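Okay, so here's the structure we're looking at.
By convention here, the first residue in the shown sequence is residue 1. When reading the values below, keep in mind they use all heavy atoms of this one structure, side chains included, and skip hydrogens, waters and symmetry mates. Small disclaimer: the values here were computed from a predicted structure and weren't measured.
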Amino acid sequence: EEAGLLFIAYGIDGVKIICTKNCQPKQTCDQFMKVLFGETTEYFKEAYSVFRSDAHENIKTLFSDAANMPKYLEITKNNTTLYITFLREVTGWQNSFGYFVIPAGIENLETYYNANIKPDLTSNVVPDTRILFKFVGNVIPNTGKPAGTLQEGTSYVQIPELNVGDKVFFFLVPKGYDSSNDRVITTNAKVITTNPLFNEFNDVRPVYNGAVVPEVWRKLMHGLFLTESCKSIVYAIEDCYLNETWSDSDYNDIIFSISDNRNDNELSAIKLDAFRIVDGDGQMK
C-alpha cells in the first residue's frame, strides 16, 4: 500500500515498483536526491539519527532489518562494468573510498577476505589499485585547498571486467586522504567495509541525540537501496563509527549511485532480489 510520499516494495518475484493511487509524473534523479538528502528533507536529516523514534517512518523501515541490508553487489552478466557516481558529501573529514572483488565460486567470504584483501586494508598505505576516490569531496576541510575535480552527479569511476558470480564490496577509509603525499593511509582510522564481518569495532553502542543504535547495526555503516528515479542503486554512508559517542548515525555523509550502464537504462547485470525500493512512480513533494 501507499506509505506517505515514499514507497518501499519487496521484489518477491523480482524487483517491482508500486504506486497505488494519486500517481504523478516521474521525478528526475536530481529531484529525488534533493527530496531524500536536501536541506529541507524529512528523510535523511542532517545530524538526525535514522534510529530515532521520531525519524520518518519509511526511513525507520529501511533501517529496520540489518540482516537483510545488502552487503555487496553480485554480478549476473559476464564482462560487466560498474559505474560509481559521486552525488554528495557533507563530512568534515578527508575520507577515501575504494572497493574489492571476491571472485565467483568462493564459499567462505571471510576466509578469502582475511587472506587476500585485509592485508591491503590494514597496511599503513592502501594500494591505489583498491581506491576509487582518494578524497571524497571538492575542498579539503579547513584548508580551502581543492582536492580534485569531483562534481556532484557527474564525477564517476568505473570497475570493469566483472563476471557472473563476482561479489563487489566497497569500503571507506575515514580521514584516509593524506593530501601532503597524495595517498590513502589507515593510520588515522580503521577501514569500514560494506560487510560487518570484516569490520573490527568494539561493542559500545552509543546514545546520540535521542537515538540508541541497535546492536545489529553497530558494524553496519551504510544503506544500499534501489531508486527508480535514478535507475540505479543508492549507497548512503555514515562515516563516523557507530561505536563512537559522536556518531550521529544519520547515514547521509557520503552518497554514491551505482549502475551497470551509462545510458540511463534499467539495471540488468546486478542481482537485485535483496534490494528495497525507496521511491515509486509517484512524484515526491
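- To the nearest 0.5 Å, atom CG of residue L36 and atom CD1 of residue I59 are 6.0 Å apart.
- Checked options V234, I233, L267; the residue passing with I258 is I233 (criterion: side chain to side chain contact (heavy atoms under 4.5 Å, CB included)).
- Side-chain contact between S259 and K231 is absent, with no heavy atoms from C-beta onward closer than 4.5 Å.
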**OP:** Please step through ring pair (Phe, Tyr, Trp, His ring centres under 6.0 Å) for the pair F169 and F198, ending with a clear verdict.
**Re:** CA-CA 11 Å; F169 298 78; F198 307 153; 5.7 Å; yes

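- Note that the CG atom of L62 and the NE2 atom of H56 stand 12.0 Å from one another [nearest 0.5 Å].
- Taking the side chain as every heavy atom from C-beta outward, I192 and P174 approach each other to under 4.5 Å.
- For NZ of K271, the number of neighbouring non-hydrogen atoms (other residues, nucleotides, ligands) closer than 6.0 Å is 12 at most.
- L82 has its side chain within reach of I75: a pair of non-hydrogen atoms, C-beta onward, lies under 4.5 Å apart.
- Shown are D253, T194, L172, N95; of these, the side chain to side chain contact (heavy atoms under 4.5 Å, CB included) with I237 is made only by L172.
- Here the side chains of L162 and D260 are not in contact, with every heavy-atom distance at 4.5 Å or above.
- Residues T122 and T186 form no side-chain contact, since every pair of their non-hydrogen atoms from C-beta on lies 4.5 Å or further apart.
- Between R52 and D54 there is a salt bridge, since a side-chain N of the basic residue sits under 4.0 Å from a carboxylate O of the acidic one.
- What you find for Y235 and F170 is that their closest heavy atoms are CE2-CB, 3.7 Å.
- At least one side-chain heavy atom of L109 sits less than 4.5 Å from a side-chain heavy atom of Y72.
- Note that OG1 of T81 and CZ of R262 are 11.5 Å apart. Values are rounded to the nearest 0.5 Å.
- Grouping the Ile, Leu, Val, Met, Phe, Trp and Tyr side chains by contacts below 4.5 angstrom, directly or via other members, places I117 apart from I185.
- Atom CD of E161 has 12 or fewer neighbouring heavy atoms from other residues, nucleotides or ligands inside a 6.0 Å radius.
- Both L121 and L197 belong to a common hydrophobic cluster when Ile, Leu, Val, Met, Phe, Trp and Tyr are linked at side-chain heavy-atom distances under 4.5 angstrom.
- Looking only at distances, a side-chain donor or acceptor of K71 sits under 3.5 Å from a matching main-chain atom of M69.
- Closest heavy-atom contact between N252 and F44: ND2-O, 3.4 Å.
- Proximity of the aromatic rings of F97 and F256 is defined here by a centroid distance below 6.0 angstrom, and this criterion is met.
- Note: N163 CG to T80 OG1 = 7.5 Å, rounded to the nearest 0.5 Å.
- Among residues two or more places apart in sequence or in another chain, the side-chain hydrogen bond (donor to acceptor under 3.5 Å, both in side chains) test is passed with D120 by R130.
- Applying the side-chain hydrogen bond (donor to acceptor under 3.5 Å, both in side chains) rule to D264 yields no partners; only residues at least two apart in sequence or on another chain are considered.
- If you take CZ on R183 and CD1 on I131, they are separated by 12.5 Å, rounding to the nearest 0.5 Å.
- A189 approaches K175 most closely through the heavy-atom pair CB-CE, 4.4 Å.
- Side-chain N or O atoms of N78 include one that pairs as donor or acceptor with a backbone N or O of V164 at under 3.5 Å.
- The shortest heavy-atom contact between A236 and Y251 is CB-O, 3.3 Å.
- When side chains are defined from C-beta on, Y156 does not count as touching F86, because their heavy atoms never get closer than 4.5 Å.
- Although no hydrogens or angles enter the test, the distance criterion places no donor-acceptor pair under 3.5 Å between the side chain of D166 and the main chain of P103.
- Considering every non-hydrogen atom in both R276 and S64, the closest pair reads NH1-OG, 3.9 Å.
- The backbone N or O of D250 sits less than 3.5 Å from a side-chain atom of E238, completing a donor-acceptor pair.
- In this structure, CD on E266 lies 10.0 Å from CG on L272, to the nearest 0.5 angstrom.
- The aromatic rings of Y113 and F100 sit tilted relative to each other, their planes meeting at an angle between 30° and 60°.
- At distances below 3.5 Å, at least one donor-acceptor pair connects side-chain atoms of S96 with backbone N or O atoms of K134.
- Across all non-hydrogen atoms, the minimal contact from H222 to L224 is CD2-CG, 3.7 Å.
- Under the 4.5 Å side-chain criterion, counting only non-hydrogen atoms from C-beta, Y83 is not in contact with S232.
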